[in-house]
Amino acid sequence: MRFAIIAPPVPTKEWKQNFEKIAPHIPLVIGLDTKYPEEVECAMVWCQPKGSLTAFKNLKLIFSMGAGVDHVLKDDTIPGHIPICRVVDPQMAFSMTNYILMALLNHHRSWYEFQASQNKKHWSQFEFTERPVKVGVLGIGYLGMHAANEIHHLGFPVFGYSNSPKKTDFPSYAGNEFIEFIKQINVLVCSVPYTPKTHGLLNYELFEKLKEPTYLINVSRGNVQVEKDIVKALDKGLLSGAFLDVFEKEPLPKTSPLWDHPKVKITPHVASLTYPKESTRQVLNCFSRLEKGLSLPNQVDRTKMY
Ligand code: GLV
């Protein structure tokens, strides 16, 4: 039995080191170049090339090296009977929440304005306020819920939205209550998975429905947003700013107007990175349960895409 890591766009050195430390008895293949493809029973993947997993004729488990699984499922050649599991890691939630807090608090405490004052050696006491924020978390799955709870515990008004109703300590909306949800807020944190339903969700039509100029924080997937609509909404004042970690095309092309927009902050898809040690622990646990015929933790529903 072998495990394989198929993740062409990411560095795999740390993954390999962790795997070999935790499971020295299991042969590991990095990439597709193996003489023994029929021995690979578990593939850990991040953006695997389309069709590449079909070489592994005895594959039993696919494990997403990230929280999202759109990168796995866009490959429609994966046989339907192979279970797909994904990493669900409290450390990733900690990291994601801190990223969202960084974006939120910089906006709330007028950090960029103070920074501009500092650049001019200007003492701007009493010039900027604590902006009143009402935070909407769109997508309260594992990561979104963690962030929403922490923001709520800090004392900010929080509103959640998810496909199906969830029990929350703060007001939350579901299904056809979307408009009601966005009417409550002036900060929109997007943490939905990418699915055909969320494709292009953050568009001008939605921005026009916002009751107040809203600060957008997107930590989900680039294709959930329509970037030209974000620029238009910022210029029209429907959005008061945007803090974006993900983009329609990554790396963000140098020609994108987002780079130079005064109201846009950009990070290069780093809101929450996966931790190889915990992911390796989880994939090994998952595979061992599979072999024993037990239920699999964090198994992906292929129709829901999460
Ligand atoms: C990162 O984007 C992930 O899905 O973990």
Side-chain angles (χ1 to χ4, degrees), residues 96-97 99-110 128-246 261 263-265 271 304 306:
M96 176 66 89
T97 293
Y99 179 95
I100 294 168
L101 283 174
M102 167 181 72
L104 173 66
L105 296 178
N106 283 342
H107 169 66
H108 169 62
R109 293 306 307 258
S110 303
F128 306 112
T129 55
E130 290 183 4
R131 288 198 182 91
V133 290
K134 294 172 281 177
V135 185
V137 180
L138 173 58
I140 40 176
Y142 179 70
L143 296 176
M145 183 70 95
H146 187 274
N149 277 329
E150 296 298 322
I151 298 167
H152 170 66
H153 290 143
L154 283 176
F156 292 107
V158 177
F159 304 84
Y161 177 88
S162 55
N163 256 338
S164 46
K166 297 251 163 98
K167 201 174 161 316
T168 51
D169 293 342
F170 45 83
S172 57
Y173 300 82
N176 59 13
E177 298 167 337
F178 185 69
I179 298 296
E180 220 175 304
F181 161 72
I182 58 165
K183 294 267 179 248
Q184 314 299 324
I185 63 174
N186 61 15
V187 174
L188 178 60
V189 178
C190 177
S191 62
V192 293
Y194 177 70
T195 68
K197 218 169 142 184
T198 61
H199 178 89
L201 177 67
L202 302 175
N203 60 28
Y204 198 75
E205 206 185 314
L206 182 155
F207 302 143
E208 274 184 316
K209 296 192 176 107
L210 293 160
K211 211 165 125 198
E212 290 179 38
T214 293
Y215 196 77
L216 173 67
I217 301 170
N218 188 7
V219 292
S220 70
R221 284 289 184 264
N223 285 318
V224 168
Q225 71 198 15
V226 180
E227 285 162 15
K228 65 173 183 19
D229 287 7
I230 292 180
V231 172
K232 189 169 155 198
L234 286 165
D235 294 344
K236 296 259 184 205
L238 301 177
L239 291 178
S240 51
F243 203 114
L244 306 174
D245 186 51
V246 287
H261 200 289
K263 293 184 184 167
V264 176
K265 303 294 166 202
K304 284 190 179 160
Y306 54 85

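Nothing fancy with the numbering, it's 1 onward along the sequence.
Looking at His152, its side chain never comes within 3.5 Å of a backbone N or O of Ala148 through a donor-acceptor pair. Between the side chain of Glu177 and the backbone N or O of Ala174, at least one donor-acceptor pair lies under 3.5 Å. When atom types are taken as modelled, the side chain of Asn186 and the backbone of Lys134 share a donor-acceptor pair closer than 3.5 angstrom. Counting only distance, with no hydrogens or angles, the side chain of Asp245 and the backbone of Ala271 share a donor-acceptor pair below 3.5 Å.
Leu206 CG to Leu238 CG: the interatomic distance, rounded to the nearest 0.5 Å, is 10.5 Å. Once rounded to the nearest 0.5 Å, the distance linking CE of Met145 with NZ of Lys166 reads 5.5 Å. Distance check, rounded to the nearest 0.5 Å: CZ of Phe243 to OH of Tyr99 gives 4.5 Å. With rounding to the nearest 0.5 angstrom, the CD atom of Glu212 is 9.5 Å from the CD1 atom of Ile185. Interatomic distance, Glu208 CD to Asn203 CG, rounded to the nearest 0.5 Å: 9.5 Å. The CD atom of Glu150 sits 7.5 Å away from the CG atom of Leu101 when rounded to the nearest 0.5 Å.
With no hydrogens or angles considered, no side-chain donor-acceptor pair links Lys304 and Asn163 at under 3.5 Å.
Closest approach of Glu227 to Val246, counting heavy atoms only: OE2-O, 4.5 Å. Closest heavy-atom contact between Pro193 and Tyr306: CG-CD2, 3.5 Å. Summarising the geometry of Leu234 relative to Ala242, their closest heavy-atom pair is CD2-N, 4.1 Å, with the distance given to 0.1 Å. Residues Ile140 and Ser162 come closest through the heavy atom pair CG1-CB, 3.6 Å. Listed here is the closest heavy atom pair of Pro157 and Val133: CD-O, 3.3 Å.
By the ring pair (Phe, Tyr, Trp, His ring centres under 6.0 Å) test, His199 is found to be paired with Tyr194, residues two or more places apart in sequence or in another chain being considered. Residues forming a side-chain hydrogen bond (donor to acceptor under 3.5 Å, both in side chains) with Asp229 (at least two apart in sequence, or on another chain): none. The side-chain hydrogen bond (donor to acceptor under 3.5 Å, both in side chains) search around Ser220 returns Asn218, not counting sequence neighbours. Scanning for ring pair (Phe, Tyr, Trp, His ring centres under 6.0 Å) contacts around Tyr142 gives an empty result, with sequence neighbours left out. The side-chain hydrogen bond (donor to acceptor under 3.5 Å, both in side chains) search around Ser172 returns Thr168, not counting sequence neighbours.
Summarising the local packing, NZ of Lys197 is surrounded by 12 or fewer heavy atoms from other residues, nucleotides or ligands at distances under 6.0 Å. Atom CZ of Arg131 has more than 12 neighbouring heavy atoms from other residues, nucleotides or ligands inside a 6.0 Å radius.
A ring-ring contact (aromatic ring centres under 6.0 Å, His included) check over residues 201-233, counting only residues at least two apart or in different chains, returns the pairs His107-Tyr215.
Considering only heavy atoms from C-beta on, Lys209 stays 4.5 Å or farther from Phe178 through its side chain. Within the 4.5 Å cutoff, the side chain of Ile182 has no heavy atoms near those of the Tyr161 side chain. A heavy-atom distance below 4.5 Å is not found between the side chains of Thr97 and Ile151.
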What's the verdict on side chain to side chain contact (heavy atoms under 4.5 Å, CB included) for Val187 and Val189, showing C-alpha distance, side-chain angles and the deciding distance? CA-CA 6 Å; Val187 174; Val189 178; 4.3 Å; yes
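For the side chain to side chain contact (heavy atoms under 4.5 Å, CB included) criterion with Leu202, the lone passing option out of Leu239, Val192, Val224 is Val224.
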